[in-house]
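Contents: one structure, followed by commentary.
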Amino acid sequence: MEKINNVSEFIFWGLSQDPEVEEICFVLFSFFYTIILLGNLLIMMTVCLGRLLKFPMYFFLNYLSFVDICYSSVTAPKMIADLLAEKKAISYVGCMLQLFGVHFFGCTEIFILTVMAYDRYVAICKPLHYMTIMDWERCNKMLLGTWVGGFVHSIIQVALVVQLPFCGPNEIDHYFCDVHPVLKLACTDTYTVGVVVTANSGTIALGSFVILLISYTVILVSLRKQSAEGRRKALSTCGSHIAVVIIFFGPCTFMYMRPDTTFSEDKMVAIFYTIITPMLNPLIYTLRNAEVKSAMKKLWRRRIFLEANSK
């Protein structure tokens with residue numbers, strides 16, 4: 001099959017075609033994106049300056065915040081700018097790069113959440129062996145594995161799309177380039193590609209979700225043997241993780257665990273894992289974590305003390 005590509009750019013339909021709704025969305029999502037940046041940067045600063053990086057849970061939390069910033073930045077700035085633009089266009093190369101970024105950082109976040117669940121399992125179920133199992137070398141290897149896994153997944157997705165011919169139309173009923181909406185525009189049969197895409201994304205999303213559910217089920221069952229104080233601390237930490245998992249994996253499973261079809265509601269669902277989850281992660285992890293709140297208070301007091309002495 002000879003590849004014919006007459007499409008040099010794609011046009012997004014965006015979240016709405018109503019100018020008034022777009023103006024409201026512009027203010028709302030600009031606020032959300034600001035919260036994402038400030039909240040996740042605050043967590044990273046707290047973990048690094050508060051000397052929490054030596055603890056595996058905060059080591060991974062630091063990189064989760066970094067991935068959240070990158071993940072939302074792949075789609076949010078373009079989407080926010082398009083809300084005030086008359087023509088919501090993206091180049092073919094830009095579209096492929098955005099598709100790569102969404103799947104790279106999204107998949108990496110899935111793997112980091114899975115590793116964090118394993119960390120909690122070891123801490124609660126095997127506390128005497130925790131420092132031996134979760135040593136510095138193993139944490140670095142697991143982190144490297146999350147990045148490599150995300151890269152391999154996203155390369156497969158992009159490789160499946162770039163070899164397809166596009167000869168028009170070029171309008172995407174979405175606010176960013178994702179696999180299923182782009183496949184609809186290919187001027188060839190994409191059934192086989194769609195099956196591979198679904199198998200690739202679906203296996204990762206569903207497989208990780210099942211692993212997470214099993215991990216937290218085992219953790220919750222093992223808490224019956226803990227003291228009341230131990231149960232309270234463990235539930236506080238695991239509760240925040242479970243909340244993130246549900247908010248992130250629910251929409252992801254809906255989007256990628258189905259055949260190559262698209263719905264008008266997809267863009268609303270996508271907002272949950274591209275905007276809402278990266279925004280809620282800092283709030284969930286700080287409000288439900290005593291050590292992070294304590295480190296933030298110490299940093300704040302130190303800053304006030306330094307400012308007072310400089311005057």
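Bear in mind that the values here come from a model prediction, so they are computed numbers and not experimental data.
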Review point. Is it true that the side chains of Ser73 and Tyr33 contain a donor and an acceptor less than 3.5 Å apart?
Key: yes

**Study point:** Check: Asp178 and Phe176 side chains under 4.5 Å, non-hydrogen atoms
**Key:** yes

Check your understanding: Under the criterion side chain to side chain contact (heavy atoms under 4.5 Å, CB included), which of Ser72, Pro282, Cys70 is the partner of Asn40?
Key -> Pro282

Review point. Any side-chain heavy atom of Ser154 within less than 4.5 Å of one from Phe100?
Key: yes

Check your understanding: Can a donor-acceptor pair be found between the side chains of Gln98 and Thr75 at a distance below 3.5 Å?
Key -> no

Practice item. Using only heavy-atom distances, determine whether the side chains of Asp119 and Tyr130 contain a donor-acceptor pair under 3.5 Å. Key: yes

Review point. Charged N to carboxylate O below 4.0 Å: is that the case for Lys88 and Glu9?
Key: no

Point to revise | same_hphob_cluster(Met268, Ile275) at 4.5 Å side-chain heavy-atom cutoff | key: yes

**Study point:** Proximity of Phe151 and His153 rings by center, below 6.0 Å
**Key:** no

Point to revise | Heavy-atom neighbours of Tyr216 OH exceed 12 at 6.0 Å | key: yes

Point to revise | Side-chain heavy-atom pair Val67, Ile112 within 4.5 angstrom cut-off | key: yes

**Study point:** ILVMFWY cluster, Val221 and Val245 together (side-chain gap under 4.5 Å)
**Key:** no

Check your understanding: Hey, does Lys78 have a side-chain heavy atom less than 4.5 Å from the side chain of Phe12?
Key -> yes

Exercise for review: Assert yes or no for the condition that the ring centre distance of Phe209 to Phe249 is strictly below 6.0 Å.
Suggested key: yes

Exercise for review: May I ask you to test the Leu144-Lys141 pair for a side-chain heavy-atom distance under 4.5 Å?
Suggested key: no

Point to revise | is_close_aromatic(Phe166, Phe10), centroid dist under 6.0 Å | key: yes

Practice item. Enumerate the residue pairs fulfilling ring pair (Phe, Tyr, Trp, His ring centres under 6.0 Å) with a member in residues 62-85, sequence neighbours excluded, ordered by first and then second residue. Key: Phe59-Tyr63

Point to revise | Pairs touching residues 85-116 that satisfy disulfide bond (SG atoms under 2.5 Å apart), sequence neighbours left out | key: Cys95-Cys177

Check your understanding: Can you find a pair of side-chain heavy atoms, one from Asp68 and one from Met44, that are under 4.5 Å apart?
Key -> no

Check your understanding: Any chance the rings of Phe104 and Trp147 have centres within less than 6.0 Å?
Key -> yes

Review point. Are there more than 12 heavy atoms of other residues, nucleotides or ligands under 6.0 Å from atom CD of Glu137?
Key: no

